[in-house]
Amino acid sequence: MTDVVADPRPLLAVLASALAIALIIASHRRPNIREAWSVVAAVTKFAIIASMLPGVLDGTEYRWSMGDLVGGIEFALRADALGMIFATLASLLWIFTAFYATGYMRGLDEHAQTRFFAAFAASLSTAVGVAFAENLVTIFVFYELLSVATYPLVAHDEDPEARAAGRKYVAYTFFGGGVLVLAGTALVFVLTGSTTFGQTGAALANADPALAKAAFALLATGFGVKAGLMPLHSWLPDAMVAPTPVSGLLHAVAVVKSGVFGIARLVLEVYGPERIAQFGLGLPLAVVAAFTLTAASVIALRQDRLKRRLAYSTVSQLSYIVLGLALVGPALSDSQALKYVIWGGLLHIPAHAFMKLTLFFCAGFIHVETHTDYISEMDGIGKRMPLTMVAFAVASAGMAGIPLVAGFVSKWFLLIGSVQADQAIFAVVLLISGVLNIAYFWPIVYGAFFESHDEADSKPLVEGRFGGGPAEENVAADGGHEDGDHADNHHHGGPGPDGWERVGWTGQEGSWLMLGPILLIASGAVVLGLIPYEVGFLELIELVAEEVSA
């Protein structure tokens with residue numbers, strides 16, 4: 001029996017970084033103090049959220065209401081097991097990102113750093129609001145605020161490419177996804193008289209099937225925009241023009257995870273597995289997810305710009321989470337299969353976050369230290385940045401589902417759950433995607449450690465209209481690059497005329513403000529792969545699965 005208690009801590013967790021916005025702006029003339037506020041806010045936010053973790057694991061939920069927002073619907077926050085997964089993850093990783101962002105922004109002597117750190121704090125505030133929202137209206141408010149808060153980060157460079165990416169980002173996530181979420185929320189309220197998570201399923205069972213399916217489609221599509229489901233994904237690769245800390249935490253953790261988290265709330269708590277099965281909603285969503293995770297992996301093969309390849313990898317990996325959630329309907333008749341698909345889908349939220357954040361941070365560190373952004377220029381870079389590339393290799397192995405790293409555990413649950421749910425076709429898709437993951441990560445790792453720039457052979461990019469080819473190589477030879485990316489004629493990365501400088505294995509490759517977070521987060525991916533239950537995430541996920549299947 002869940003015990004719900006009134007407690008202001010969910011609100012305080014949201015306000016911790018919101019307060020930091022004012023402090024960061026007030027300290028704009030003193031950079032050390034300004035960045036210190038980011039660290040203090042990150043630690044404070046995580047401490048508040050972590051203080052609720054023991055109670056939530058014991059079956060207590062913490063709730064705080066700020067009164068009616070509209071039509072008798074409360075603007076309320078609730079820290080439950082599902083929300084704690086997202087909130088704990090985002091707040092924990094913000095601590096590391098606060099240090100990394102300081103090294104990154106100073107290393108490149110970036111402009112508008114005060115605006116950057118203030119917008120970053122605002123984004124984390126709204127992300128935790130999404131995590132703790134008690135109903136569809138509250139999550140919609142924070143979902144839209146998250147788009148607004150992150151726009152300055154996407155458009156940070158203020159050049160035509162960044163402004164175009166920012167406009168596209170807002171068009172997709174704010175005006176597109178947000179409007180659909182609002183429409184779906186209104187329809188659910190009309191059908192059930194409620195928007196509170198966990199209180200709509202029974203009424204939906206007796207609702208008009210066509211309208212119930214329409215509401216699900218609106219909400220799934222609206223949340224699917226930020227989740228990167230195809231064909232709504234194109235904003236995400238374009239948003240990689242943002243500084244790497246943004247690409248890392250916000251576009252591998254907070255923003256995109258708000259999308260899959262919204263789908264988790266929709267599937268598990270607004271409808272529930274019974275209604276998903278009743279209306280036949282699971283398989284169509286699973287097909288979209290399966291197509292996305294396969295197609296995005298194929299597209300990733302042709303990307304020469306590292307951050308863009310990682311972006312398409314993110315599109316693919318997010319659909320692992322959506323696939324696990326979509327299979328709750330087909331798995332309903334087998335309780336063990338139901339638990340496995342929920343475990344696999346939800347565990348991939350933190351697993352992907354640790355691994356992809358490591359990869360993005362490695363890409364950013366390489367850019368700061370060597371001004372190298374393209375994979376074709378990275379052969380032998382392991383000599384120059386050995387620890388960075390080891391961390392990259394570890395995270396890449398996890399993305400491909402290699403044992404001992406976080407990605408293996410979540411993908412194992414998904415694989416077994418899909419087979420037990422008599423949906424073996426999706427197990428085949430998962431295996432194919434794993435092979436594709438190896439195909440687009442292995443050349444980077446192998447080239448970094450076992451090839452030199454002047455002796456390297458061409459990378460196995462996909463030929464033809466869906467892949468890179470001779471035209472791409474010719475552009476590269478002329479000093480530019482073209483891989484579905486904008487040409488970059490001012491790029492001066494890669495090794496010098498004598499190849500990459502060899503440095504030792506004791507951290508001489510660059511600032512520890514950046515290298516330290518990379519190594520710690522990569523280590524976290526290994527820990528999560530070895531003891532997922534002991535670190536709390538799988539224990540929270542088991543609570544969610546028990547509540548859903550009760």
Side-chain angles (χ1 to χ4, degrees), residues 10-28 31 33-46 48-49 66 75 77 83 86-87 89-102 104-105 110-133 138-158 162-163 165-167 169-170 172-175 177-178 226 235 239 242-259 261-262 357:
L11 176 62
L12 294 176
V14 173
L15 294 178
S17 44
L19 176 62
I21 299 172
L23 297 172
I24 289 169
I25 293 174
S27 306
H28 68 282
I33 296 177
R34 180 188 62 201
E35 272 82 295
W37 285 127
S38 291
V39 175
V40 169
V43 173
T44 302
K45 180 184 286 287
F46 176 70
I48 293 170
I49 293 170
M66 288 162 279
F75 191 70
L77 301 172
F86 185 25
L89 178 69
S91 60
L92 173 63
L93 293 180
W94 187 28
I95 297 174
F96 301 108
T97 305
F99 289 100
Y100 179 92
T102 300
Y104 182 92
M105 300 300 283
E110 285 280 357
H111 73 290
Q113 293 189 28
T114 298
R115 183 188 66 194
F116 173 88
F117 285 105
F120 221 98
S123 301
L124 267 296
S125 181
T126 54
V128 172
V130 169
F132 288 154
T138 305
I139 202 173
F140 163 75
V141 172
F142 283 110
Y143 192 73
E144 291 287 73
L145 288 175
L146 180 58
S147 297
V148 174
T150 48
Y151 169 78
L153 299 171
V154 175
H156 175 82
D157 286 349
E158 299 182 5
R163 289 193 176 98
R167 289 192 297 269
Y169 172 71
V170 170
Y172 270 73
T173 64
F174 186 85
F175 294 108
K226 279 196 173 86
W235 66 267
T244 299
V246 180
S247 304
L249 189 64
L250 299 184
H251 295 151
V253 183
V255 172
V256 295
K257 291 303 189 303
S258 72
F261 180 78
L357 190 59

Item checked: Nearest heavy-atom neighbours spanning F116 and A101 -> CE2-CB, 4.0 Å
Item checked: Sequence neighbours excluded, every pair satisfying salt bridge (charged side-chain N to carboxylate O under 4.0 Å, His left out) that has a member inside residues 243-255 -> none
Next item on the list: Looking only at non-hydrogen atoms, find the nearest pair between F261 and A131 and report the distance.
Entry: CZ-O, 3.5 Å
Checklist line | Straight-line distance of S38 OG to W94 CH2, nearest 0.5 Å | finding: 6.0 Å
Checklist line | Straight-line distance of L145 CG to T150 OG1, nearest 0.5 Å | finding: 10.5 Å
Notebook entry, point to check: Looking only at heavy atoms, which two atoms of P152 and A149 are closest? And how far apart?
Noted result: CD-O, 3.3 Å
Notebook entry, point to check: Quick one: are T97 and F120 in side-chain contact, heavy atoms under 4.5 Å?
Noted result: yes
Notebook entry, point to check: Does the side chain of L357 reach to within under 4.5 Å of the side chain of F96, using non-hydrogen atoms?
Noted result: no
Note to self: Using side-chain heavy atoms (C-beta onward) and a distance below 4.5 Å, is F86 in contact with S258?
What the structure shows: yes
Margin query: Can you pull out every salt bridge (charged side-chain N to carboxylate O under 4.0 Å, His left out) where at least one residue sits in residues 119-130? Sequence neighbours excluded, please.
Written below: none
Note to self: Determine whether a donor-acceptor pair (N or O, by modelled atom type, separation under 3.5 Å) exists between the side chain of H156 and the backbone of Q113.
What the structure shows: no
Margin query: Under the side-chain hydrogen bond (donor to acceptor under 3.5 Å, both in side chains) definition, can you give me all pairs with a residue in residues 16-28, not counting sequence neighbours?
Written below: S17-K45, S27-W37
Check: How many angstroms lie between CG in L92 and CD1 in I49, if you round to the nearest 0.5 Å?
Finding: 10.0 Å
Next item on the list: Kindly give the heavy-atom pair with the smallest separation between A118 and I25, and that separation in Å.
Entry: CB-CG1, 4.1 Å
Next item on the list: Just jot down the salt bridge (Lys or Arg N to Asp or Glu O under 4.0 Å) partners of E35, sequence neighbours excluded, or say none.
Entry: R106
Check: When you look at T138 and L77, which way does the side chain to side chain contact (heavy atoms under 4.5 Å, CB included) test go after all the steps?
Finding: CA-CA 8 Å; T138 305; L77 301 172; 4.3 Å; yes
Item checked: Over all atoms of both residues, closest heavy-atom pair of A162 and D157 -> CB-CB, 3.9 Å
Note to self: Distance check, rounded to the nearest 0.5 Å: R34 atom CZ versus M105 atom CE?
What the structure shows: 8.5 Å
Note to self: Run the salt bridge (Lys or Arg N to Asp or Glu O under 4.0 Å) test against R163 and tell me which residues pass, sequence neighbours left out.
What the structure shows: none
Next item on the list: Determine whether more than 12 heavy atoms belonging to other residues, nucleotides or ligands lie under 6.0 Å from atom CZ of F99.
Entry: no
Note to self: Between F142 and V14, is the side chain to side chain contact (heavy atoms under 4.5 Å, CB included) condition met? List the steps.
What the structure shows: CA-CA 10 Å; F142 283 110; V14 173; 4.2 Å; yes
Checklist line | From K226 atom NZ to F174 atom CZ, the distance as rounded to the nearest 0.5 Å | finding: 9.0 Å
Next item on the list: Side-chain contact test, heavy atoms from C-beta onward, threshold under 4.5 Å: evaluate it for W235 versus V255 and give yes or no.
Entry: yes
Note to self: Which residues pass the salt bridge (Lys or Arg N to Asp or Glu O under 4.0 Å) test with E110, not counting sequence neighbours?
What the structure shows: none
Check: Do the ring planes of Y104 and Y100 sit parallel (below 30°), tilted (30 to 60°) or perpendicular (above 60°)?
Finding: parallel
Margin query: Working note: F117 + T102, criterion side chain to side chain contact (heavy atoms under 4.5 Å, CB included); need CA distance, chi angles, decisive distance, verdict.
Written below: CA-CA 9 Å; F117 285 105; T102 300; 4.1 Å; yes
Next item on the list: Without swapping roles, check the side chain of S123 against the backbone of A119 for a donor-acceptor pair under 3.5 Å.
Entry: yes
Checklist line | Atom of A90, atom of V253 and distance for their closest heavy-atom approach | finding: CA-CG1, 4.2 Å
Checklist line | Point-to-point distance, once rounded to the nearest 0.5 Å, from CD1 of I33 to CD1 of I24 | finding: 12.5 Å
